[in-house]
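By convention in this document, chain letters (A, B, ...) are assigned in the order of the sequence lines, proteins followed by strands, and residues within each chain are numbered from 1. Excluded from the calculations below are hydrogen atoms, water molecules and symmetry mates; all remaining heavy atoms, backbone and side chain alike, are included. None of these values were measured; they are calculated from a predicted model.
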There are 2 protein chains.
Amino acid sequence: MEHRIERIKKQLHSQSYKLTPQREATVRVLLEREEDHLSAEDVYLLVKEKAPEIGLATVYRTLELLSELKIVDKINFGDGVSRYDLRKEGAKHFHHHLVCIECGSVEEIENDLLEDVERIVQKDWGFQVKDHRLTFHGVCKQCQTAAVKATE
Amino acid sequence: MEHRIERIKKQLHSQSYKLTPQREATVRVLLEREEDHLSAEDVYLLVKEKAPEIGLATVYRTLELLSELKIVDKINFGDGVSRYDLRKEGAKHFHHHLVCIECGSVEEIENDLLEDVERIVQKDWGFQVKDHRLTFHGVCKQCQTAAVKATE
DNA sequence: ATTTTATTTATAATAATTATAACCTAATTT
DNA sequence: AAATTAGGTTATAATTATTATAAATAAAAT
């Protein structure tokens, strides 16, 4: 954990931003809840536990900054809230998501499944791909087995 | 055009909704501007030309309804506004988008490029895919050639 | 030590969306 | 045909997410 904070600190410094206490508290929350997909409000409430004097606007600004530096990714599952997701160390691309329409759970996929598709887009549409967003909507494993059980 | 209106009318009736004049005006705007990715506000302004007495809330409700019936798809390119996009007739899946980070243009791809990827997700993650959202962010053909010209 | 600059807080403003109440209209029942 | 009912609409208010602003603070530079 400390190691990753250090790295993020360096990334900020390299663009002449500093890792203020508020920013550090925000990053720590993101690191601790790496599996989740927190909204700005969620992050704010969690950061408040560490640094009660922080303001919501600061959290927004920090998330925006981290987003610009590609330390976090800003996603939108279509529910009207932006969610913020730490980019895995060394990951060049945005990871993918499986959103369950039954239980609302969100699973992440790190594998890069789009290499072939990107090649096709590049070639056939002349479009130079820089990043992507891929989300599948469907039914997760748990809900499938639950559904089967229910009919037995 | 009339043919497609008829089809949509039937789709609504089959769920015991009716195609009111306001709904029809909204659908007509979507049909006329099929290439675009209009926000609710955009649609509202355009519908107002046909039916000046319509309210914004009605447009929202109509778009929401059309969305539920899978007649339109609701997308979010991350700029804080939901955009509404007519689903092509007979299309089972949501189409993909190429968003240019230079000029902001949005191009559509109808081809289903994800068949293989969906098979993998189905098999390796046990996730039953119902729909997907795929957006590429990058530089479109026009902006690439413009960039080349600029350095000449 | 003083000036400059970046950052934050608190608050207000804006923008998108949704909820509510009153009204209207078309269909259904009497 | 008159009365009733339910769905749909308008106008307006409320809510929610996000961004902007001004004053206060802290850190860095001179």
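- Spacing between atom CG of A:Leu12 and atom P of C:dA6 amounts to 15 Å, rounded to whole angstrom units.
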Summary of protein contacts for nucleotides 21-30 of chain D, nucleotide by nucleotide, where a base hit scores B, a sugar-phosphate-only hit scores S (4.0 Å, heavy atoms): -------S--
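- In this structure, A:Glu110 places its CD atom where more than 12 heavy-atom neighbours from other residues, nucleotides or ligands lie under 6.0 Å away.
- Taking a 6.0 Å sphere around NZ of B:Lys48, one finds it holds more than 12 heavy atoms contributed by other residues, nucleotides or ligands.
- Taking a cutoff of 4.0 Å between a charged side-chain nitrogen and a carboxylate oxygen, A:Glu32 and A:Lys50 qualify as a salt bridge.
- Across all strands, A:Thr58 comes closer than 4.0 Å to base atoms (heavy-atom distances).
- One interatomic measurement links the two molecules: CD of B:Gln22 to P of D:dT9, which rounds to 5 Å at whole-angstrom precision.
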Considering only nitrogen or oxygen atoms on both sides, find all protein atoms under 3.5 Å from nucleotides 14-17 of chain C and state each distance.
from   : atom 1 : to      : atom 2 : distance (Å)
C:dT17 : OP1    : B:Ser82 : N      : 3.1
C:dT17 : OP1    : B:Ser82 : OG     : 3.2
C:dT17 : OP2    : B:Tyr60 : OH     : 2.5
C:dT17 : O5'    : B:Tyr60 : OH     : 3.3

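- A straight line from OH of B:Tyr44 to P of D:dT9 spans 14 Å, rounded to a whole angstrom.
- Using a 4.0 Å cut-off between charged side-chain N and carboxylate O, B:Glu24 and B:Arg28 make a salt bridge.
- The nearest whole Å value for the distance from the CG atom in B:Leu65 to the C1' atom in D:dT9 is 14 Å.
- A salt bridge is defined here as a Lys NZ or Arg NE, NH1 or NH2 lying under 4.0 Å from an Asp or Glu carboxylate O, and B:Arg4 with B:Glu34 meets this definition.
- By the 6.0 Å and 45° rule, A:Arg133 stacks over the aromatic ring of A:Phe94.
- In this entry the distance linking CD of B:Glu64 with P of D:dT9 reads 14 Å, nearest Å.
- What separates CD of A:Glu53 from P of C:dT8 is a distance of 11 Å, to the nearest Å.
- The aromatic rings of B:His95 and B:His37 lie perpendicular to each other, with more than 60° between the two planes, well past the 30° mark.
- One interatomic measurement links the two molecules: CG of A:Leu63 to P of D:dT19, which rounds to 10 Å at whole-angstrom precision.
- Ring pair A:His97/A:Phe77: centre-to-centre distance below 6.0 Å.
- Between B:Glu118 and B:Lys123 no salt bridge is recorded (no basic side-chain N to carboxylate O distance below 4.0 Å).
- Atom P of nucleotide D:dT9 and atom CD1 of B:Ile54 are separated by 7 Å, given to the nearest angstrom.
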